[in-house]
Amino acid sequence: MDVSFVQEDRYTFRIPRKGKMRVGAVFFASKRILAHLESEDYASLVQLMNVATLPGVVEPALAMPDIHWGYGFPIGGVAAFDPEAGGVVSPGGVGFDINCGVRLLASGLERRDLEPRKAWLADRLYERVPAGVGSKRRDVKLNRRSLARVLEEGAGWVVRQGWGEPDDLEFIESGGRLEGADPGRVSERAYERGLPQLGTLGSGNHFLEVQYVEQVYDPEAAAAFGLHQDQVTVLIHTGSRGLGHQVCQDHVQKFLQVAPKYGIELVDRQLAAAPIESPEGRAYLGAMAAAANYAFANRQLITHYVREAFEAAGFAPREHALRVVYDLAHNNAKFESHAGRRVLVHRKGATRAFGPGAPDLPPAYASVGQPVLVPGDMGRYSYVLVGTEGAMEKSFGSSCHGAGRVLSRTRSKKQVKGRDLVRELAAAGIELRATSRRTVAEEAPEAYKDVAEVVKVVEGAGIGRRVARLRPLVAVKG
DNA sequence: ATGTTC
């Protein structure tokens, strides 16, 4: 398919409606990102146009500057659907790792307090947070009934078991619990996969990092988030593990069966969708919210073990003082109000970025906007941004979620063959602990775009503003 | 992303 677009301003490009598109599309890019898309990842722009063909889609279908090719919908995609106009829900618009997201913890420690105990802390974290494909915990005894409660209650269930502080919940998107969860719509196989995995990191781009605040760009917002120069922070990136994956798989299969019944023409089978107001659509949304709650609970339980690891590394609770700055997801579909309409916003590899005065913000952040956490790669840095009015106006209150790959996993492995990345990173002051050499090779810093470039576009387009940059000291990978 | 080809 031919992608023709017009440049609206420095970082904004519009693909006018044509062919089977019901609405136009918009993506945000710099000259460099655009050149990369045109030469290496044209298919992701075609996927963006495909999204614009789905019933009930609200103008425009969007992609953030970290757009890359994904299952059906592009990663970095944002699309809103109107339930009253026959709008659909699509598992491919949420992603396989339902409610995958990032949680930032701020500590009471300074970089100099940590430096002498960095390697020791890395070992303690690696012991307490299982990582890798199929990783399991043996010390958390869930049964089918308690897992159903996790699926209903999310992070709150974990806190009520004593694994966390009630205050933690205030600083999670949606309070750490999506409404409408229906554990009865989660298959037995998904339960089986989820039972041993709560409190585990997983593999791929998931990670646990200890960092320090290297630079503050916006002192006022940083102060509101409780962040300052040289402060030690922790960033946790993981999702709903095998349970969410199974939920996605189950419902894609179901949607493909029923697609003819609803007369939904799919330009790509991977766009499998059902009306929001249909039994199948509601079933997926109930299961998706349940899997989302599992992801919130997972990040909460990992937080508990991170606190334990800091204590085992010799930092008393009062000293490490680990507190949740924010926890936000980048793979889900949520009902929100935009321009006076209640719509279902799909964000796949895109984060909510609500500006000042928006609903669901903790009182401490209400006047500044919500934190937006943008992980980079393990060798460089990550960003904390803040949501803006511009995001509310232009992107259904959304922004980017990360750097985005430039090399495929295969190409990355080839490129780093023979190198010892663990040693290279150690020489750069980063203690890496990982279960798999392969994952480390796939996740090499050069496999990712420079996240600073993505963030520059976000800020230039007005859909987020830089607050602080975080530099890694310790990384745990699957 | 994923018991990395139920």
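Per chain, numbering begins at 1; letters A, B, ... match sequence-line order. Quick note: numbers below take in every heavy atom, side chains included, and nothing from hydrogens, waters or symmetry partners.
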Completion exercise
Taken in chain and number order and not counting sequence neighbours, the residues that satisfy side chain to side chain contact (heavy atoms under 4.5 Å, CB included) with A/A52 are A/M21, A/V23, A/A61

Practice task
Report the distance from atom CZ of A/R409 to atom C1' of B/dT4, rounded to the nearest whole Å.
Solution key: 9 Å

Fill in the blank from the handout: Of the listed B/dT2, B/dT4, B/dC6, the closest approach to the A/V133 side chain comes from B/dT4

Practice task
Please identify each residue that fulfils side chain to side chain donor-acceptor pair (under 3.5 Å) with A/N293, with sequence neighbours left out.
Solution key: none

Handout entry: Heavy-atom pair with the smallest gap, counting every atom of A/A312 and A/R128
Key = CB-NH2, 3.4 Å

Exercise for the section: For A/P196, check side chain to side chain contact (heavy atoms under 4.5 Å, CB included) against everything at least two apart and list the hits. Expected result: A/K136

Handout entry: Rounded distance in Å - OH (A/Y71) to C1' (B/dT2)
Key = 13 Å

Practice task
Round to the nearest Å and state the distance from A/R437 atom CZ to B/dT4 atom P.
Solution key: 22 Å

Handout entry: Euclidean distance, atom NZ of residue A/K254 to atom P of B/dC6 [Å, nearest integer]
Key = 22 Å

Exercise for the section: Mind checking A/Q197 for me? I need base, sugar-phosphate or nothing, with any heavy atom below 4.0 Å counting as a touch. Expected result: sugar-phosphate

Completion exercise
Of A/R189 and A/E443, the one whose closest nucleotide on DNA chain B sits nearer the 5' end is A/E443

Exercise for the section: With a 4.0 Å heavy-atom cut-off, tell me which residues in residues 239-250 of chain A come close to DNA chain B, sorted by residue number. Expected result: A/R241, A/G242, A/H245

Exercise for the section: Can you run down the side chain to side chain donor-acceptor pair (under 3.5 Å) pairs that involve residues 278-292 of chain A, sequence neighbours left out, and say none if there aren't any? Expected result: A/K261-A/E280, A/Y262-A/E280, A/E277-A/R282

Completion exercise
Taken to the nearest whole Å, CD/A/E192 to P/B/dT2 is 18 Å

Problem - Length of the CD-P vector between A/E442 and B/dT2, whole Å - result: 12 Å

Handout entry: Nearest-Å distance for atom pair CG/P, residues A/L256 and B/dC6
Key = 18 Å

Problem - With sequence neighbours excluded, residues passing side chain to side chain contact (heavy atoms under 4.5 Å, CB included) with A/S187 - result: A/R189, A/A190, A/Q246, A/D250

